[in-house]
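These notes concern the structure reproduced below.
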Number of protein chains: 2
Amino acid sequence: MNENNEQIARFAKALGHPTRIAILRFLANRTTCYFGDIFDELPIAKATVSQHLKELKDAGLIQGEIEAPKVKYCINRENWNVAKSLFAEFFDDCACKKGGCCK
Amino acid sequence: MNENNEQIARFAKALGHPTRIAILRFLANRTTCYFGDIFDELPIAKATVSQHLKELKDAGLIQGEIEAPKVKYCINRENWNVAKSLFAEFFDDCACKKGGCCK
DNA sequence: AATATTGTTCGCAAATATACGAACAATATT
DNA sequence: AATATTGTTCGTATATTTGCGAACAATATT
């Protein structure tokens, strides 16, 4: 339970920035997802883009693959589904059940 | 779209700490949700608990009601459902559609 | 071999987040 | 009226996050 809390928080934290949400949406709707494609779409420095990608990767939500000299990024489907399930369960669990404190 | 990204990020950021996840789970499973009940459950100072509650409140996920001298906290059902929908839609939208960049 | 392309990493600055004790505010109780 | 109970707010310290330019690394191209 505590484990789950930490895992959800970790995912949520990675999702907690508009740029990172935008990156994920972008990754889902393109056939080519090289760094350059992502960078072109965003109004920020490439160092910053790289940093956001690193955070998403550290959280396990995406993965990178080198296709020298480019780098191709993808959503990590396995972990994505884990996150999806955790959030779905969480939003249901906390939905003010009968006997809960909500009016 | 950009609007949605910011709203999701705002919710996600609020969910991005284990203590706040724990608080929300607690709120969902108790009939009495006074500050003291929450504080008793957590291994941190009351000033810190109060701060986390404030963040959840600012994000719109919970609401507080004064029952002097106590304060009763509840999940904000309306916004909770908004968040639930946004996340569900987001996790579906980004789920590596055909033609996307995932293998 | 020299140069160009593509991203990452480093070092820095500024802003936010986290956590705490102490002081405070507001009502309840004696 | 004095005191106790319940939480919030303030001030502070530390850590993390965000963002950038510049330097760097690795392969591709000439």
Would you mind pulling out the nucleotide paired to D/dT16, Watson-Crick or G-U wobble, both distances under 3.5 Å? C/dA15
When you measure from the side-chain N and O atoms of B/H52 to the phosphate of C/dA19, is any distance below 4.0 Å, counting only OP1 and OP2? yes
Just to be sure I understand the rule, does A/A47 reach a base, reach only the sugar-phosphate, or reach nothing, if contact means heavy atoms closer than 4.0 Å? base
Report which part of the nucleic acid B/K70 touches: base, sugar-phosphate, or nothing (heavy-atom distance under 4.0 Å, all strands). sugar-phosphate
The Watson-Crick or G-U wobble partner of D/dT29, with both key distances under 3.5 Å, is C/dA2
Would you kindly compare A/V49 and B/K13 by the position of their nearest DNA chain C nucleotide and give the one closer to the 5′ end? A/V49
Please work out if A/I44 contacts a base, only the sugar-phosphate, or nothing of the nucleic acid, heavy-atom cut-off 4.0 Å. sugar-phosphate
Specify the separation, in whole Å, of atom NZ of B/K72 and atom C1' of D/dT8. 20 Å
Backbone of B/K46 reached by a side-chain donor or acceptor of B/S50 within 3.5 Å: no
Phosphate OP1/OP2 of D/dG19: any A/T48 side-chain N/O under 4.0 Å: no
Whole-Å distance between D/dG7 P and B/E41 CD? 14 Å
Between A/F87 and B/F87, how do the two ring planes meet: parallel, tilted or perpendicular, split at 30° and 60°? parallel
Could you identify the nucleotide paired to D/dC24, looking across every strand shown and requiring Watson-Crick or G-U wobble geometry with both distances under 3.5 Å? C/dG7
Round to a whole Å and report the spacing from CD of A/E55 to P of C/dT8. 13 Å
Interatomic distance, A/F35 CZ vs D/dT27 C1' [rounded to whole Å]: 17 Å
For B/I8 versus B/L86, what's the shortest heavy-atom pair and its separation? CD1-O, 3.7 Å
Please report, rounded to the nearest Å, how far the P atom of C/dA17 is from the CG atom of B/L53. 16 Å
Closest to side chain of A/P69, choosing from C/dT9, C/dT6, D/dG19: C/dT6
With heavy atoms under 4.0 Å as the rule, sort B/F39 into base, sugar-phosphate or nothing. nothing
Look at B/H17 and D/dA15 and indicate whether a side-chain polar atom (N or O) is within less than 4.0 Å of OP1 or OP2. no
Between A/G16 and A/A68, just flag the one whose closest nucleotide in DNA chain D comes earlier from the 5' side. A/G16
Would a distance-only check, ignoring hydrogens and angles, find a side-chain to backbone donor-acceptor pair under 3.5 Å from B/D37 to B/Y34? yes
Compare all side-chain heavy atoms of B/D92 with those of A/K84 and state whether any distance is below 4.5 angstrom. yes
What's A/Q51 touching, base or sugar-phosphate or nothing? Going by heavy atoms closer than 4.0 Å. base
From C/dT8, D/dT18, C/dG7, nucleotide with atom closest to A/Y34 side chain: C/dG7
For the pair made of CD1 in A/I66 and P in C/dT8, what is the distance, rounded to whole Å? 9 Å
Quickly work out the A/E65 CD to D/dA26 P distance and round it to whole Å. 19 Å
Residue from A/L27, A/V71, A/I23, A/I62 passing side-chain contact (heavy atoms from CB on, under 4.5 Å) with A/C33: A/L27
Return the value, rounded to whole Å, for the distance between atom OH of A/Y73 and atom P of C/dT6. 15 Å
